Amino acid sequence: MDTAPRTRVSAYAVIIADGKLLLTRLSAASPVFAPGLWHLPGGGIDPGEQPAEALTREVYEETGGTVRDARLIGARTYTARRHGIDWHLVGLFHTVTLLPGPLRVRESGGSTADVAWHPLSGLDEARLSPAAVDALTPAMLRPTGVRPPLSGPVAPRRPGAVRLTR
C-alpha cells in the first residue's frame, strides 16, 4: 500500500472589488478541503498546463468570470487528509481583475457549489478554507504595486494553520 502523500499544485485567484472578496463554496466533490467551506476561485493545474492557463480556466469554470489580468503574489503549502488520501498542496496565489459580467458556476458536477462576493470586514475564518484564510493576510492583500523581496524563511501564519485533518 502506497502511503506517500499526493501532491497537487493549484492556482488561486484573490479577487477584491469594492471591499468584497469573491469566493466559491466547495461542493462534496472537493478533493482536498471540506465541502461547505468558502474557498478562493481556482484549482489544480493539469499536467502540461501553465499556471496562468489553469487560473484562467478555473476562474471561468467556477465563477463564469473572464480574467483580464493576473499577477502572482505568493505561494503557500498545506497538508490535508480527505477520503483516506493524504495531500500535499502547493497553492499559487494571484491577484486577479475580471472583465465585467455576470457571475455563475459554469462547471457541472465539479468542486464548486456556489459563487458570491463577501465583504472583507465580515468574513468568518471558521467558514473559510485554509487558502482563503491565507488570502486575508496583509502580505496577500497588499496593493498590487512593487512588493519587497522575500528575505529569510517564511513562517506559517499561525501554529497549526497548515495542518488539516478531516
Side-chain angles (χ1 to χ4, degrees), residues 1-16 20-67 70-96 98 103-118 120 123-137 139-141 154-166:
M1 178 178 204
D2 182 13
T3 58
R6 290 189 192 174
T7 298
R8 178 180 172 100
V9 180
S10 297
Y12 294 127
V14 179
I15 306 168
I16 299 172
K20 296 178 182 178
L21 177 65
L22 187 63
L23 295 170
T24 58
R25 188 184 337 236
L26 295 171
S27 74
S30 171
V32 179
F33 297 124
L37 292 177
W38 286 96
H39 188 52
L40 296 173
I45 300 172
D46 293 336
E49 188 176 37
Q50 294 301 312
E53 294 169 338
L55 182 70
T56 299
R57 175 183 52 77
E58 288 282 348
V59 166
Y60 180 77
E61 289 173 358
E62 295 179 359
T63 72
T66 301
V67 173
R71 181 174 174 270
L72 182 66
I73 57 170
R76 297 280 191 273
T77 62
Y78 307 89
T79 58
R81 181 169 179 79
R82 181 150 160 73
H83 297 304
I85 299 169
D86 289 318
W87 290 97
H88 170 70
L89 176 68
V90 178
L92 305 176
F93 293 78
H94 302 78
T95 56
V96 170
L98 297 178
L103 298 176
R104 69 178 176 92
V105 178
R106 294 190 175 270
E107 176 183 50
S108 177
S111 62
T112 302
D114 196 9
V115 59
W117 290 100
H118 295 262
L120 284 167
L123 289 172
D124 176 4
E125 288 189 11
R127 298 182 65 212
L128 302 176
S129 72
V133 170
D134 280 346
L136 300 176
T137 63
M140 295 287 191
L141 293 175
V154 178
R157 200 169 153 276
R158 64 181 188 270
V162 296
R163 180 72 186 157
L164 297 177
T165 306
R166 297 212 188 262

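Here the structure is a predicted model, which means the values were calculated and not measured.
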Problem - Aromatic ring proximity, centroids under 6.0 angstrom, F33 and H39 - result: yes
Quick one: closest heavy-atom pair of [X] and [Y], and the distance?
X	Y	value
E62	V105	O-CG2, 3.5 Å
A54	I45	CB-CG1, 3.7 Å
I15	P41	CD1-CG, 4.3 Å
H118	L123	CB-CD2, 3.4 Å
V67	A70	CG1-CB, 4.2 Å
A132	L23	CB-CD2, 4.2 Å

Quick check for you: to the nearest 0.5 Å, what is the distance between [X] atom [atom1] and [Y] atom [atom2]?
X	Y	atom1	atom2	value
L37	R127	CG	CZ	9.5 Å
S10	L89	OG	CG	4.5 Å
I16	T95	CD1	OG1	8.5 Å
F93	L40	CZ	CG	6.0 Å
T63	W117	OG1	CH2	8.5 Å
D86	T79	CG	OG1	8.5 Å

A side-chain contact here means heavy atoms from C-beta on lying under 4.5 Å apart; do [X] and [Y] qualify?
X	Y	value
V14	I73	yes
R8	V90	no
W87	P5	no
R76	T137	yes
L55	V96	yes

Handout entry: R6 atom CZ: more than 12 heavy-atom contacts under 6.0 Å
Key = no
Any sub-3.5 Å donor-acceptor pair from [X]'s side-chain atoms to [Y]'s backbone N or O?
X	Y	answer
E58	Y12	no
S30	L26	no
S27	G110	yes
T112	D114	no
W38	L22	no

Exercise for the section: Starting from the C-alpha separation in whole Å, work towards a yes-or-no answer on side-chain contact (heavy atoms from CB on, under 4.5 Å) for L72 and L92. Expected result: CA-CA 7 Å; L72 182 66; L92 305 176; 4.1 Å; yes
Exercise for the section: Show the numbers, then the answer: is there a side-chain contact (heavy atoms from CB on, under 4.5 Å) between I85 and V32? Expected result: CA-CA 9 Å; I85 299 169; V32 179; over 6 Å; no
Practice task
Indicate yes or no: does E53 engage R57 in a salt bridge with an N to O separation below 4.0 Å.
Solution key: no
